[in-house]
Amino acid sequence: MTRKTAVPELPLPIDVRSEIGRLDAVLLHTPGLEVENMTPRMAQRALYSDILNLSIARREYEQIEGVLSQVARVYQVTDLLAKVLDQPEPRRRLLTKICIDEQAGGYFDMLMEMSTPQLVRALIEGLPARIDTLTAFLNEDYYALFPLYNFYFTRDSSVTMGSHALLCRMANQVRSREATIMEAIYRHSGCFDVQTIDLRNAVPTKGPLYIEGGDVQVVRDDLLVVGNGMRTSAAGVDALTQRICEIRKEGKVNILVQQLPSSPESFIHLDMVFTQLDRDQCMVFAPLILHDRSFKTVQITIEGGRVSRIRGVNGLLPALRNLGVDLEPIPCGGTADSWVQEREQWHSGSNLFAVAPGKVLCYSRNEATLAELDKSGYAVLAANDVIAGKCRIQDYPKCCITLQGSELPRGGGGARCMTMPLSRRAVQW
């Protein structure tokens, strides 16, 4: 498949005010050699539970890009990064920050002298360390700049909210360069009209501060749902709340915070247990979202630019209902067997991505989940059939486009994880 990257004449205004509005533009990163530049010994450090076969992963990823290119403008991280690196001063600024953050100052001049294509590859696929001293020889780290193994999960390093892009403070150092690159893209690629909100230097009031995009969902312009767990700390939610107070001086905004388990790793983000499908439906991992009250749901209300109230509420879906968003839950993995529920949640059965209200992408491997979607009125369409023109998304009031997924799920994410919406149309509530 020939890759098509959007090249608009004017900068695209960032505009995302829901999880389900018709998609107009999206950011992707096709997995590259960074995925293969990993051994089983490095997998845990790379935040993987397994290693991937790149050739198969790329074939699977082509389905995502093939479907999305039919409904939206598709931007690629590598193309946007090249636009940044073609400019001498943005190149210098980006490399200075990366070399300082990753203690690679001795490589700065070499990086500056690389051609743009070489530098794009080095910043994403990794830069091998020079073995010119005993210290370097004895160091077990093969790389001076580690590969960005997780960058195909474009959702995590930034969050598009309204006309802003939130730059995330990643929970693990191995992913921090992703947010640094995204800052440079938003500010210097020339492709976007956007205001950035930077949480990377936020000072925590208490406890560690980190926040990732997989935990932040924009339900409405005045309503966010945020996960509090392995990758988004309470201090991270507090920092986000403070920034919203600063940019929303008028009106009311509600943030619903859902606590998440600290294990297993499949509960890494909120979107692994809850995603919105339509104005009135969502996909949930029922044992946690519907039945387990040991994990708190907290409502934070912001009025006139300050927090007016924080209180516990009786579950995520009842809280959404009280705020005017009444969602019917569709159970990931069905209801018949808890083992099936757990297996399909592990393989991102709750991690769906809406390209329009009631039109979603998910993995084909989660058969019990697909059966539940079928019962709820979703036509199940194979991605390859959509790409080939055998069926058209617009011909169905509700549909689920299924992606092959044997390798991509090994990285620990699904369709929502792999997509960063840049512009969506307004939803008529």
Side-chain angles (χ1 to χ4, degrees), residues 19 29 31 35 38 42-52 57 148-159 166 168-179 199 207-217 224-237 240 256-276 282-289 292 294-297 316 332-333 341-353 361-363 365-366 369 405 407-420:
E19 288 290 309
H29 172 58
V35 168
M38 177 172 52
M42 298 166 60
Q44 185 174 7
R45 179 172 184 168
L47 310 178
Y48 278 52
S49 57
D50 202 350
I51 59 174
L52 274 63
L148 298 181
Y149 312 103
N150 299 277
F151 212 175
Y152 75 91
F153 297 129
T154 53
R155 177 70 62 164
D156 293 332
S157 56
S158 65
V159 178
L166 175 77
C168 294
R169 183 165 171 171
M170 311 299 281
N172 295 276
Q173 180 65 27
V174 73
R175 299 196 68 183
S176 64
R177 195 187 325 138
E178 296 174 41
L199 292 187
L209 193 162
Y210 41 87
I211 184 169
E212 294 186 359
D215 277 318
V216 183
Q217 300 189 23
L224 301 179
V225 179
V226 182
N228 167 215
M230 285 181 271
R231 298 292 181 86
T232 296
S233 64
V237 178
L240 171 62
L256 295 178
V257 181
Q258 177 62 54
Q259 286 189 327
L260 302 172
S262 58
S263 64
E265 62 191 66
S266 60
F267 293 130
I268 186 172
H269 290 132
L270 176 67
D271 60 14
M272 294 296 285
V273 296
F274 169 82
T275 48
Q276 193 174 351
C282 59
M283 179 64 65
V284 302
F285 180 58
L288 175 63
I289 297 299
D292 192 338
S294 62
F295 296 95
K296 295 178 181 178
T297 308
L316 181 57
C332 165
Q341 289 177 324
E342 291 179 12
R343 285 177 58 86
E344 298 207 356
Q345 187 276 328
W346 178 273
H347 285 299
S348 304
S350 297
N351 193 278
L352 281 70
F353 176 69
L361 276 67
C362 68
Y363 287 134
R365 67 183 300 155
N366 295 316
T369 301
E407 291 301 304
L408 291 178
R410 295 178 188 270
R416 187 179 188 273
C417 293
M418 294 183 285
T419 47
M420 168 53 65

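The first residue of the sequence shown is numbered 1, and numbering continues consecutively from there. As a basis for the values below, the full set of heavy atoms in this structure was taken, side chains included, without hydrogen atoms, waters or symmetry mates.
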Can you tell me if [X] uses its side chain to pair, donor with acceptor, with the backbone of [Y] under 3.5 Å?
X: Gln276; Y: Gln217; answer: no
X: Thr154; Y: His29; answer: no
X: Arg231; Y: His269; answer: no
X: Glu212; Y: Thr232; answer: no
X: Glu178; Y: Leu148; answer: no
X: Asn172; Y: Val174; answer: no
X: Tyr152; Y: Leu408; answer: yes
X: Arg155; Y: Thr419; answer: yes

**OP:** Could you walk me through whether Gln345 and Val273 pass side-chain contact (heavy atoms from CB on, under 4.5 Å), step by step?
**Re:** CA-CA 7 Å; Gln345 187 276 328; Val273 296; 4.0 Å; yes

Roughly how far, to the nearest 0.5 Å, is the [atom2] atom of [Y] from the [atom1] atom of [X]?
X: Leu316; Y: Leu256; atom1: CG; atom2: CG; result: 6.0 Å
X: Asp271; Y: Cys417; atom1: CG; atom2: SG; result: 4.5 Å
X: Leu260; Y: Ile289; atom1: CG; atom2: CD1; result: 7.0 Å

Minimum-distance pair of heavy atoms, taken over all atoms of [X] and [Y]:
X: Leu288; Y: Pro261; result: CD2-CD, 3.8 Å
X: Gln341; Y: Pro287; result: OE1-CG, 3.6 Å
X: Ser350; Y: Cys332; result: OG-CB, 3.2 Å
X: Gly413; Y: Ser348; result: C-OG, 3.1 Å

Who pairs with [X] by salt bridge (Lys or Arg N to Asp or Glu O under 4.0 Å), at least two apart in sequence or on another chain?
X: Glu344; value: none
X: Asp215; value: none
X: Arg169; value: none

**OP:** Step by step, work out the side-chain contact (heavy atoms from CB on, under 4.5 Å) result for Ser157 and Met170.
**Re:** CA-CA 7 Å; Ser157 56; Met170 311 299 281; 4.2 Å; yes

Original post:
Is the count of non-hydrogen atoms from other residues, nucleotides or ligands lying under 6.0 Å from Arg343 atom CZ greater than 12?
Top reply: no

A side-chain contact here means heavy atoms from C-beta on lying under 4.5 Å apart; do [X] and [Y] qualify?
X: Asp156; Y: Asn150; value: no
X: Thr275; Y: Glu19; value: no
X: Phe285; Y: Met272; value: no

Subject >> Thr297-Gln258 side chain donor-acceptor pair, cut-off 3.5 Å >> reply: yes

**OP:** Give the C-alpha distance, both sets of side-chain angles, the deciding distance and a yes or no for side-chain contact (heavy atoms from CB on, under 4.5 Å) between Leu270 and Val226.
**Re:** CA-CA 7 Å; Leu270 176 67; Val226 182; 5.9 Å; no

